[in-house]
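Here the structure comes first, spelled out in structure tokens, and everything after it is commentary.
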2 protein chains.
Amino acid sequence: MLTSKGKYALRAAVYLARHHGAENWTLATEIAEAEAIPKKFLEAILVELRDNHIVTSRRGRNGGYRLSQAPERIGAGDVIRVIDGPLALTPCTSRTQPGPCHDCVDPAICTLRPVLQKARDAIAAVLDGNSLADLVDSVGHSAG
Amino acid sequence: MLTSKGKYALRAAVYLARHHGAENWTLATEIAEAEAIPKKFLEAILVELRDNHIVTSRRGRNGGYRLSQAPERIGAGDVIRVIDGPLALTPCTSRTQPGPCHDCVDPAICTLRPVLQKARDAIAAVLDGNSLADLVDSVGHSAG
DNA sequence: TATTTTACTACTAGGATAATAGGAATTGCA
DNA sequence: TGCAATTCCTATTATCCTAGTAGTAAAATA
Ligand code: FES
Ligand code: FES
């Protein structure tokens, strides 16, 4: 399951994708109200997305947030990874943040890993294969 | 990510699959030692698996645990669902425990659901498509 | 009846989640 | 220059979840 934070982040990103334009800065307040996300919580999320180069921010009057790249070039998986961590089901099958499984007796002959690896690949294929732009016009008819 | 509990459960189930036989009862202690799982914790896990008809138990001397069905008929996803909950990334995309997403403004026109639905289907295809028997002999060459 | 083994109930330490609060820093405008 | 808007930063909090541990009861067998 995604965390609320992860869902908020994805919804905010899709909102920015929907309102994406050359010099179009969107206010945190606007996103918070439109998507019913607690404002202060959303601010923290946007800062994390900024630190990970998903969004760009501008302070002061006429400030706000916008996507760092075109919505077509940002995958749903990119946003989720930043906020909720790796898509994989175990450290040993993560491609972006690989690590050892401390609780597996002998990782070299682990019987779980092959399946979990396939599961990760399947999840990543879907989440990385759908950009924010895809999500924007996916209501009712999701893309491949 | 799976929880440790979920991984323990899957490892225990694979152990039982590897030692599956007509009247072959395996001790919790044996599994715990072989898989380096805290014994008391494993007992609690096995009770949950029993309550959900994944394993069958027998008390007293010569007691123990065994799979309720042939290893070929139990999917990896079945075990994970019991211990870690739905495979889906959101309540709205769960097939086994569907529920509303309280934090989505209007679920009827949710832009996230189509992709998340595909993600769930992809995960479920892998995890339900691989039985415990598949896992047993999957070291190094995972099955389709 | 003694021993083995599962079953049940209760408890705990630590960490993660989902926020909230208050103010500092920056920018634009009058 | 000063004010207002807006992001940014640093705590703090309540609640739940995770990963166990401890002790005992119940059942089956020899
Ligand atoms: S080594 Fe990662 S699940 Fe076994
Ligand atoms: S309704 Fe479930 S993610 Fe929007």
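Numbered from 1 within each chain, the chains take letters A, B, ... in sequence-line order.
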Full working for salt bridge (Lys or Arg N to Asp or Glu O under 4.0 Å) between Lys39(B) and Glu33(B)
CA-CA 8 Å; Lys39(B) 193 193 164 195; Glu33(B) 283 175 5; over 6 Å; no

Can you give one letter per nucleotide of nucleotides 5-15 of chain D, going 5' to 3': B for a protein heavy atom under 4.0 Å from the base, S for sugar-phosphate only, - for none?
BBBBB------

With respect to the phosphate group of dA19(C), does any side-chain polar atom (N or O) of Tyr8(A) fall under 4.0 Å of OP1 or OP2?
yes

Euclidean distance, Ser57(A) OG relative to Arg66(A) CZ, rounded to 0.5 Å:
11.5 Å

Nucleotide dT5(C), atom P - distance to CD1 of Ile31(B) in whole Å
13 Å

In whole angstroms, the gap separating P of dC17(D) from CE of Met1(A) amounts to 13 Å

Nearest 0.5 angstrom please: Tyr8(B) OH to Ile83(B) CD1, how far?
13.0 Å

Taking it one step at a time, do Arg81(A) and Asp84(A) satisfy salt bridge (Lys or Arg N to Asp or Glu O under 4.0 Å)?
CA-CA 5 Å; Arg81(A) 276 193 200 90; Asp84(A) 279 349; over 6 Å; no

Between C1' of dT21(D) and CG of Leu42(B), the distance in whole Å:
15 Å

In Å and rounded to the nearest 0.5 Å, what is the OG to CG distance from Ser94(A) to Leu116(A)?
12.5 Å

How far does CG of Leu67(B) sit from CG of Leu16(B), to the nearest 0.5 angstrom?
5.0 Å

Protein-nucleotide distance (Ile45(B), atom CD1; dT6(C), atom P), rounded to Å:
14 Å

Separation of dT6(C) P from Phe41(B) CZ (nearest whole Å)
17 Å

To the nearest Å, give me how far apart CG (Leu16(B)) and P (dT6(C)) are.
11 Å

State whether Thr3(A) places a side-chain N or O below 4.0 Å from either non-bridging phosphate oxygen (OP1 or OP2) of dT17(C).
no

Roughly, in whole Å, what's the span from CD1 in Ile83(A) to P in dA16(C)?
16 Å

